[in-house]
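So that the names make sense, note that chain A is the first sequence line, chain B the second, and so on, each numbered from 1. The shown structure was predicted, so the numbers you read here are calculated from the model rather than taken from an experiment.
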Amino acid sequence: MLSGFELPRYDDYKESGVEWLGRIPAEWEVTRLKFSSRINPPPRIGVEDLLNDACFLPMEVVHSSGKVEYGIQKPIKEIKQGFTSFQRNDVIMAKITPCFENGKGAYLDSMPTKYGFGSTEFHVLRVRSGFNQKYIYYLTKTDLFMNLGESLMTGSAGQKRVQTEFVANFRFAFPVLAVQDGIVRFLDKKTTQIDEAIAIKEQQIALLKERKQIIIQKAVTQGLDPTVPMKDSGVDWIGEIPAHWEVKRLKYVTKIVKRIAGYEGPDVLSITQKGIKIKDIDSGEGQLAMDYSKYQVVEVGDFAMNHMDLLTGYVDISKYNGVVSPDYRVFIRTYDGLDDEFLLAIFQLGYQQKIFYRYGQGVSLLGRWRFPAENFNNFFVPIPPKEEQKLIFRRVKEEWDKVDKGIALLLSQIGKLKEYKTTLINSAVTGKIRITPDMVEA
DNA sequence: CGTAGTGAGTGTTAGCACGT
DNA sequence: ACGTGCTAACACTCACTACG
């Protein structure tokens, strides 16, 4: 995992006396976090004066990467009960689930004000002299600390927290200050490089996702052959289409079918953003209808869409026989010259690109925006010759597969980079590798 | 009496349900 | 069909309470 070359080790090791630390370099020592830092120091007396040089950090501005977005919130007027109090160069970490598990925490070296107050859900470490603050920060990022902390969290389900007790008594190994400084400089350099590489790959992923949208948009409105003569479709969301294509209103190619089941029993289907799924109504969880006999029938191959909320809803072709809410729109394709999957692609585009949204109506201030049946029926879709539709669908699928593979590759690379980063941090602050001056400069 | 620990509350999104 | 209400999950923040 350490990229092919052996990193140097220390000359002599000794038993640390701590089971999960194992052997440590001979000249290192072991201590507890409470001896290296004041844990959750109370705010200074005369606090009101501090407010002139203080900022407030809600949980949301502290990220897992250790970055903090300063200065996006207003200055604080009063110190509320429960605020955590810290100052520049303190180390903070989230204590509540899932923020702790996500590694939300930071070393506040570039805090613009001297003093700060934060969400109640932080632990604060005010590092004592003899220790490099960032060395302590890196300690809180190690697997040892995170895994142990996570296993010792207490609280009711969904609201677990890391106890001060655990943080205070966490035992770790450390070298003399000068060596800590070198380790910190090495880790700073390496983690910055790794983080930059991750950021680039994440950006590439975003571009690839955007590319998927462009692929489908172009394919269903312009076809595959850029050299064919074009004509104006007369429909604003479609624009120009190949001259040999048609546009038709949905009412001439589909039919809304509302068939009330009239009895209970069939599988209840749920239209989610990941497709139509069978809903578990026996578990008693989630929203349940009083009377499923009023639900409408969906058969395999039927289209079903949640047209009640164009922002959160979605559409799919059902793979199941079952029933859905009578409020949903179930429809079938009636026109022979149209391919189901091509039509589904257009519908999914309609949601993803918010095209239906333009034709919706409702109470938008409350986030309700429906797609009325009349607007649905009069919605225009582009229709190439059927053979071309199949080709288009196949091509889109091929290109999407390629893009998806690219995304998967990038994701796995990001995973490896993150793994590499934690391995480096773990190895450096437990003395498994020795940081030499040339490693810091290079 | 202060503060650490804890349950309650909040805003937002998703996925519906229900009455008219 | 339409307007609106409900529920759960998530990701927090608020504020009470018990304890040393």
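- The side chain of Thr120(A) lies closest to dC14(C) when the candidates are dC14(C), dC16(B), dT6(B).
- Ring centroid separation for the pair Phe145(A) and Phe166(A) comes in under the 6.0 Å cut-off.
- Ring geometry, Tyr359(A) versus Phe379(A): the interplanar angle exceeds 60°, so the pair is classed perpendicular (tilted spans 30 to 60°).
- When distances are taken from the side chain of Pro98(A) to each of dC12(C), dG5(B), dA11(C), the shortest belongs to dA11(C).
- Residues passing the ring-ring contact (aromatic ring centres under 6.0 Å, His included) test with Trp400(A): none are found, sequence neighbours excluded.
- Taking each heavy atom of Val300(A) and Lys319(A) in turn, the nearest pair found is CG2-O, 3.6 Å.
- Counting heavy-atom neighbours within 6.0 Å of Lys418(A) NZ, excluding the residue itself, gives a total of 12 or less.
- Atom CG of Asp309(A) is separated from atom P of dT7(C) by 18 Å (rounded to the nearest Å).
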Please tabulate, one pair per line, each protein N/O and nucleotide N/O from nucleotides 18-20 of chain B that are separated by under 3.5 Å, including the distance.
{"unit_1": "dC18(B)", "atom_1": "OP1", "unit_2": "Met290(A)", "atom_2": "N", "d": "2.8"}
{"unit_1": "dC18(B)", "atom_1": "N4", "unit_2": "Asp327(A)", "atom_2": "OD2", "d": "2.3"}

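- At the heavy-atom level, Lys104(A) lies under 4.0 Å from the strands shown only through sugar-phosphate atoms.
- Taking atom CD on Glu101(A) and atom P on dA11(C), their separation rounds to 10 Å, with Å as the unit.
- The listed nucleotides are dC16(B), dA4(B), dA14(B); the one nearest the side chain of Lys279(A) is dC16(B).
- The distance from atom NZ of Lys258(A) to atom C1' of dC2(C) is 11 Å, rounded to the nearest whole Å.
- Salt bridge annotation for Lys190(A)-Asp195(A): absent, with no cationic side-chain nitrogen under 4.0 angstrom from a carboxylate oxygen.
- Comparing atom distances between the Arg161(A) side chain and each of dT6(B), dA4(B), dC2(C) picks out dT6(B) as nearest.
- Put simply, CD1 on Ile96(A) is 13 Å from P on dG5(B), counting in whole angstrom units.
- Straight-line distance from the NZ atom of Lys160(A) to the C1' atom of dG7(B): 16 Å, rounded to whole Å.
- The Gln163(A) side chain lies nearest to dT6(B) when the options are dA4(B), dT6(B), dC14(C).
- The interatomic distance linking Phe100(A) (CZ) with dA11(C) (P) rounds to 16 Å, in whole Å.
- The side chain of Thr164(A) approaches dG5(B) more closely than any other nucleotide in the set dA14(B), dG5(B), dC12(C).
- Between the side chain of Gln273(A) and the main chain of Tyr314(A), no donor-acceptor pair closer than 3.5 Å is present.
- Counting to the nearest Å, the P atom of dG5(B) and the CZ atom of Phe166(A) are 13 Å from each other.
- For dT6(B), the OP1/OP2 oxygens have a side-chain nitrogen or oxygen of Thr154(A) closer than 4.0 Å.
- Regarding Glu121(A), its CD atom lies at a distance of 15 Å from the C1' atom of dC10(C), rounded to whole Å.
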